[in-house]
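None of these values were measured; they are calculated from a predicted model. Lettering of chains follows the sequences in order, A, B, ..., and the numbering in each one begins at 1.
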Amino acid sequence: MSDEQQPPTGALAEVLKHWTASCLQDSEEPTPEELQKDSRTFFRYLSGSTQILTSSNIKLETRSSHEEALAKLVQDLGPAFSAEHHQSRLKALHVLVGAIAGCKDTKVSNAITQLLGKFLLSHCGPIDDDDYGEDYDSMIRNAAILGLTAITGIPSSGNSDGELLEAFRMRLEFSWQGIESRCASALDDAMQESQYSYGFEDRNMNRDIREGLSTLPRSKRSLCFGLVGSAIKGVAAITNNMEKKLDESLLPSLQSQLVEFARLAANCLHGESDPRCLLELLTILHQMQVSFEPHFLSSANHDLVFPSEDIFDAVAPYYPVQFTPPPHNVHGISREGLHTALLAVLSYTRVDDNARAHSRHTMLNLSTGLFLEQLLPVEGDENPGPVDKLEAVDCLSRLLFPADGTRLCDKLDIPTLRNLWTAIKATHDESSLGISKSGVEGENNKLLADQCRTLVSKLTFQLEMVPNKALWDTFVSEPLRKQITNLKLSPSHSKLSIAYIACLAASGGPRTLRFCLEIGLKTLLEYLSENMDDTEDAAAAAHGVGAFLSSCQVAMERAKKEGVVLNPHPLESYATNACQVLLDAFSSNTLSLPIKVGATRALEFLVLSVDEEFLGEKQVTRICSFVKRMLTILQESGDEIAELQNACCLTLGTIVGKSLEGVTGESLPKSLLSSQVIHELVKTEIYPCLLQISSLESQAPVRYDRKAISVASACSEGVAKDIVASLLQSLIDHLGSTTSNDKSCKISAESLSYILQHGGDVSVKAYHESELSVTVLDALSKSSSINGAMRASVAKLALPNTTEENKNVQAKVGVGPAFISDILGFDSHR
Amino acid sequence: MLLTPAYKKGLPEKTLVKLAKEVSDIVPPLSPEDNINLYVKLPILGAAMTSLNSFPESNVMGTDGVPSLQHDCTSMLPGLTEYVLSNEYDSNTRSAAASCIYAIVSLVGNLGLKDCPVLPLVKDIINPSLLSATTINTLTNCLNMMALVVRTLIVFERSI
């Protein structure tokens with residue numbers, strides 16, 4: 001190493017001498033902050049090691065000399081530290097703080113930590129500054145706290161278990177003792193800044209707070225919290241650097257210290273009302289959970305378990321967050337930020353296994369109970385609105401389904417599971433009823449109902465997979481069995497339960513599917529068989545059957561995609577009865593439309609989910625008749641059958657589309673559509689007929705035939721291509737034909753237009769992929785090119801034609817200008 | 001609404017580029033055939049352009065290094081403006097042309113270019129037409145066009 005790179009001999013001594021003089025001189029310059037900056041820079045240099053190449057070409061690397069320098073600094077600045085004038089003391093402290101900060105990227109031995117920690121602690125206590133104009137008491141004590149913050153955050157250079165244990169202990173103790181000293185006799189600072197805590201509404205909080213902290217103004221509390229955070233960072237840094245785990249015999253001692261520290265840190269939160277400090281503390285508590293977790297994988301006794309209960313007790317009063325930022329929110333504190341920080345603490349469950357092993361409360365169960373109170377408040381409390389409940393459901397989802405994919409549902413205890421089911425069901429029912437409200441409230445209720453169903457489905461699916469079957473029984477079979485009674489008595493009053501159970505059937509897993517079909521589908525089919533009369537209950541039962549068949553179809557498709565084969569088929573024992581009951585309802589001449597509508601929609605799902613091997617030949621024939629009958633109904637007229645026509649167009653369209661798509665493909669389960677009889681019927685009779693009638697003129701106010709074709713088209717790309725190509729060809733034929741007229745072209749174009757608008761993206765895509773779409777435009781553009789006189793006539797489209805001119809145009813071209821403007825779809829308001 | 005729904009979404013890029021090229025080649029129309037073509041293609045182009053949020057990425061570059069779709073659209077603006085102001089042509093097609101102008105200026109604005117393509121239209125075409133208008137009909141057309149242009153200016157400046 002050259003002489004230029006090595007600091008000159010005695011440089012440290014010179015620098016220390018300079019700093020001592022600066023501290024002792026009776027002048028504002030240099031300021032404490034400037035001195036701190038200088039010392040930080042100097043010690044940052046000192047922290048690096050020095051490499052030397054000897055004359056024998058041997059490389060030597062020195063240990064960094066920062067520790068000796070720190071000790072020397074404390075010694076040499078002694079006169080400044082003990083000077084009568086507080087200004088000197090303050091400057092000296094800032095030099096020391098800067099020096100320690102400069103060493104933050106290295107490690108320190110326990111000895112120097114002990115030396116500096118004790119030294120700084122001695123400056124944290126109250127100081128008499130009555131003779132001074134400035135608040136030296138605060139400034140000196142704050143500087144000491146900053147020094148402690150710096151030293152506790154630096155990892156230890158110790159390697160042995162004893163040294164590491166000592167390093168942990170010192171950081172935790174210095175942190176807490178520093179706060180205690182800082183808070184001592186702080187009555188002069190009482191309430192100076194606390195009146196400026198803004199935007200936070202009064203809350204009924206735990207009153208167990210440390211008296212000193214509560215009287216400190218916000219900025220000083222924040223310094224204390226910074227010290228807590230730094231100690232936690234120091235613990236984390238030491239833990240990360242450990243080459244092996246601590247000896248088992250030493251672990252209880254460490255755990256005891258960490259538990260006590262964690263309790264004290266949680267205690268800091270009680271009574272905190274300033275949002276900035278609150279956010280800071282919540283962040284620190286979460287860091288503490290993460291940093292201490294590696295040391296709590298197991299505990300010797302239940303006193304050495306990580307104190308999640310204390311942390312929960314401290315943070316729970318702040319849920320849900322009630323904070324409105326002030327108009328000039330310069331600090332950027334938001335409700336969402338506070339909520340996120342709070343949720344991070346409440347959803348940290350990694351230390352729960354240890355707590356569970358010692359029969360302690362877990363954060364999982366405690367937080368679940370807290371969130372459930374929002375959904376199902378205790379009697380006397382105000383019932384939160386849908387927005388608050390949406391937040392609670394979201395919190396539950398994040399708690400029970402963490403991002404790392406850990407399965408937690410099986411860690412819930414039985415009472416919590418029961419409460420969970422009750423709360424979610426009640427919230428679902430309440431929000432479902434609220435969907436009819438107008439505006440945002442109705443939308444929020446709908447979203448809430450959806451979220452409830454999603455959450456309960458996910459829970460059910462997970463519970464199916466856990467070894468402890470009692471959990472699934474508690475959450476699924478027990479409560480659902482209680483629902484059957486109402487279902488049997490009056491399906492129309494159990495619509496919400498039907499929807500709920502059907503949702504579970506669709507997403508809850510194979511066991512749940514079979515169970516829900518047994519208690520739901522079977523019950524409703526029995527009801528329909530015995531009560532095939534014209535009542536609301538029968539109509540609700542028919543719709544309910546459809547819901548369960550639809551759920552079964554969804555569940556089976558999902559299982560198939562996951563490579564799971566459900567054997568026996570879930571509908572095997574219900575198929576025949578369902579088919580018979582539904583077809584009887586559809587074809588009855590005495591029953592009213594609502595039941596027929598329900599039966600029609602239910603039959604769609606039956607056809608899509610049941611294989612023909614479960615039905616007899618007679619029933620397959622009846623299904624064919626049903627399909628034909630639907631086609632006939634579409635062509636009937638009358639407002640009274642509109643609802644049935646709508647149901648028929650949806651069902652028929654789906655059957656046609658799925659059948660032509662080739663449902664027998666490997667990706668989808670087998671269904672009645674794979675029956676040769678039904679497939680041939682659809683392909684050769686139903687589809688061509690439907691296509692043809694959709695291209696005919698009709699006076700019907702709603703074209704259900706076209707709607708059916710749109711539904712079929714939306715089923716798959718292949719079907720869309722075929723339908724769009726047929727309609728395009730038909731339009732081109734009409735445009736080019738000398739016998740066609742405006743009207744037939746227009747009807748043909750209207751049919752195509754309907755498909756483009758309602759047939760999904762696949763239909764539009766099919767249109768553009770077809771070469772015939774270009775041919776149509778060419779045909780329109782050049783329709784008058786065959787006749788010179790017509791060119792002139794068409795060119796004058798801006799001028800109103802005479803009746804005679806119009807007749808000439810139509811006679812010679814076959815297409816009039818009015819039609820061209822119609823086919824290109826001009827808006828009437830233009 | 002008949003065929004234009006097909007052009008409001010899912011229009012392949014090459015179809016749009018071809019359509020814009022065909023329209024830009026015949027604006028303003030110089031023959032009855034051109035007029036018929038515009039009568040058919042302007043509403044479709046208008047529907048397609050108004051449904052876009054930005055110019056699609058096109059790897060077909062024009063001779064000046066500007067993508068051809070952007071070039072064709074920008075170059076047809078004067079012709080479209082004259083077309084809209086002229087009483088010779090069908091009012092529905094002229095409305096479609098006005099939609100095209102609005103859509104093109106919005107898309108150009110999203111590119112963040114500083115040169116507004118609307119100002120030359122105001123200076124060289126709309127203003128002179130307004131000053132030389134002799135009938136109520138012509139005056140109304142010019143004022144309507146001016147109002148549309150002012151709206152496009154606001155959109156343009158907001159985009160930049």
**Study point:** Chi angles and distances behind the salt bridge (charged side-chain N to carboxylate O under 4.0 Å, His left out) call for E557(A), K561(A)
**Key:** CA-CA 6 Å; E557(A) 281 179 10; K561(A) 279 181 189 162; 5.1 Å; no
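For residues 760-770 of chain A, heavy-atom neighbours of chain B at less than 4.5 Å comprise D761(A), V764(A), Y767(A), H768(A), sorted by residue number.
Ion pairing between R94(B) and D90(B) fails under the 4.0 Å rule for side-chain N and carboxylate O.
Each of N37(B), T93(B), N92(B), I26(B) was scored for a side-chain contact (heavy atoms from CB on, under 4.5 Å) with L42(B), with one residue passing: T93(B).
Partners of T654(A) by side-chain contact (heavy atoms from CB on, under 4.5 Å), not counting sequence neighbours, listed by chain and number: E604(A), L608(A), K658(A), V711(A).
In E636(A), the CD atom is crowded: over 12 heavy atoms of neighbouring residues, nucleotides or ligands sit closer than 6.0 Å.
At a threshold of 4.5 Å between non-hydrogen side-chain atoms, the residues I44(B) and L3(B) do not count as touching.
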